[in-house]
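In this text, all values refer to a predicted model and were calculated from it rather than measured experimentally. Every heavy atom of this structure was used, including side-chain atoms; hydrogens, water molecules and symmetry mates were not.
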Amino acid sequence: MKKYFCITFILLAVIAGCKKSDYLLYSDIARIQQADTAEMVFSFVYIDPAVTRDTFYIPVNTIGGITDKDRAVKLEQVTEYDYTYVRDPITNQITDTIATERPFQAIAGQHYVAFNDPAIAALMTVKAGNAQDSLPVILLRDPSLKTNTWRLRVKLSANDQFAIGEKQAVERTLIFSDRLERFFSWRVDGYQAAAFSSFGNYSQRKHQFMIDLLKIRIDETWYKAIEQAGAQNHYKILFREALAAFNADPANISSGKAPLRETDSPTSPVITFPN
């Protein structure tokens, strides 16, 4: 039994050593990477119509120590693709991969200030004494943000100040518009998104109904606050009862507003909140 225990211990030690080497623990040169790679969401919809630009910040981490001077960071846009895999009908092995550019990719100068623009290039730094910092992305309130949701995929690149850290932590996507957008806790219609359990399937009209009822901004910050307070069920019941009252209102019924649907189409799904 001891013999097997020793062998097992050695194997675990080897595995642990290999696992540790998967991570960058560089101390030879300075490196930089994204603090997180989850998609970020921004909307101008809550901001005064007179505001034509706003700044979104992307957190970054450095490896290799701090310095007593500001260090320039290189950030650039990269193209996003959707991939379709072709499989052999008999073996089911992948025989080809087709890459298609994703639609509505942000355009520099129209949807955001280009990263090499002198007005922003000077701000692309990790400040002296900082191991973590945030890089500004200046978004422009172009009219096209009213009708479509745009995507900006950004990538950290090496320069004379920084090499790249973890390869899987150098790119991130910012999704933005001038209309209501899903927030992270309601990012998909499924239980992997926490807000789905409370509010069900997402639609912009449901989101607007919730805002109109509470007269507040309903976004990730709001959801995290009610989650911390354990108030999700309270709001679920509140929204469900308010929707029932809306749908039962004779004026709404006669005008065709009730039952409230996800879109104006008469065949669109009726909005509901979970029981």
Ionic contact status for D189 with R182, cut-off 4.0 Å: yes

Could you tell me if the side chain of V126 sits less than 4.5 Å from the side chain of Q161, heavy atoms only? no

R87 atom CZ: more than 12 heavy-atom contacts under 6.0 Å: yes

Verify, without hydrogens or angle tests, whether Q204 (side chain) and L180 (backbone) share a donor-acceptor contact under 3.5 angstrom. yes

Is it true that atom NZ of K127 has more than 12 heavy atoms of other residues, nucleotides or ligands lying nearer than 6.0 Å? yes

So, Q110 side chain and D142 main chain: donor-acceptor pair closer than 3.5 Å or not? no

For the residue pair D117 and I138, establish whether any side-chain heavy-atom pair is separated by less than 4.5 Å. no

Does V86 offer a backbone N or O that forms a donor-acceptor pair with the side chain of T95 under 3.5 Å? yes

When Ile, Leu, Val, Met, Phe, Trp and Tyr are grouped by side-chain heavy atoms lying under 4.5 Å apart, directly or through other members, which residues fall in the same group as I253? none

Look at the side chain of T62 and the backbone N and O of A131, then say whether any donor-acceptor pair between them is shorter than 3.5 Å. yes

Between N247 (side chain only) and L260 (backbone N and O only), is there a donor and an acceptor less than 3.5 Å apart? yes

Please assess Y223 against W186 for the test ring pair (Phe, Tyr, Trp, His ring centres under 6.0 Å), listing each intermediate value before the final yes or no. CA-CA 9 Å; Y223 184 79; W186 207 0; 8.5 Å; no

Does a side chain donor of either T267 or S265 reach within less than 3.5 Å of an acceptor in the other side chain? yes

With distance as the sole test, does N159 use its side chain to make a donor-acceptor pair with the main-chain N or O of F162 at under 3.5 Å? yes

Please determine whether a side-chain nitrogen of the Lys or Arg among R205 and D264 lies less than 4.0 Å from a carboxylate oxygen of the Asp or Glu. yes

Given the rule in the side-chain hydrogen bond (donor to acceptor under 3.5 Å, both in side chains) test, do S197 and Q232 qualify, once you have shown the distances and angles that lead to the verdict? CA-CA 9 Å; S197 298; Q232 303 100 307; over 6 Å; no

Looking at F176 versus F56, is the centre-to-centre ring distance below 6.0 Å? no

Any donor-acceptor N or O pair under 3.5 Å, side chains T149, E181: yes

So, E80 versus T173: side-chain donor-acceptor pair below 3.5 Å or not? yes

From Y46, Y235, F184, residue fulfilling ring pair (Phe, Tyr, Trp, His ring centres under 6.0 Å) relative to W222: Y235

Short N-O contact, E39 and R187, less than 4.0 angstrom: no

A side-chain contact here means heavy atoms from C-beta on lying under 4.5 Å apart; do L139 and T55 qualify? no

Any donor-acceptor pair under 3.5 Å linking the side chain of N252 with the backbone of F246? yes

Are T37 and Q168 close enough that some pair of their side-chain heavy atoms sits under 4.5 Å apart? no

Within the side chain of R179, is there an N or O that forms a donor-acceptor pair under 3.5 Å with the backbone of T147? yes

Would you indicate whether Q192, at its atom CD, is surrounded by more than 12 heavy atoms from other residues, nucleotides or ligands within a distance under 6.0 Å? yes

Do L140 and H111 make a side-chain contact, defined as non-hydrogen atoms from C-beta onward lying under 4.5 Å apart? no

I'd like to check the side chain to side chain donor-acceptor pair (under 3.5 Å) partners of S157; sequence neighbours left out, ordered by chain and number. E76

Between K206 and F273, is NZ or CZ placed under 6.0 angstrom from the six-membered ring centre and within 45° of the ring axis? yes

Checking the side chain of Q77 only, and the main-chain atoms of V154 only, is there a donor and an acceptor separated by less than 3.5 Å? no

Give a yes or no on whether the backbone of I218 and the side-chain of H207 come within a donor-acceptor separation of less than 3.5 Å. yes

Any side-chain heavy-atom pair of K146 and S177 under 4.5 Å: no

Residue pairs passing the ring pair (Phe, Tyr, Trp, His ring centres under 6.0 Å) test with at least one member in residues 77-105, sequence neighbours excluded, are F104-W150

Would you kindly say whether R141 and T52 are connected by a side-chain donor-acceptor distance under 3.5 Å? no

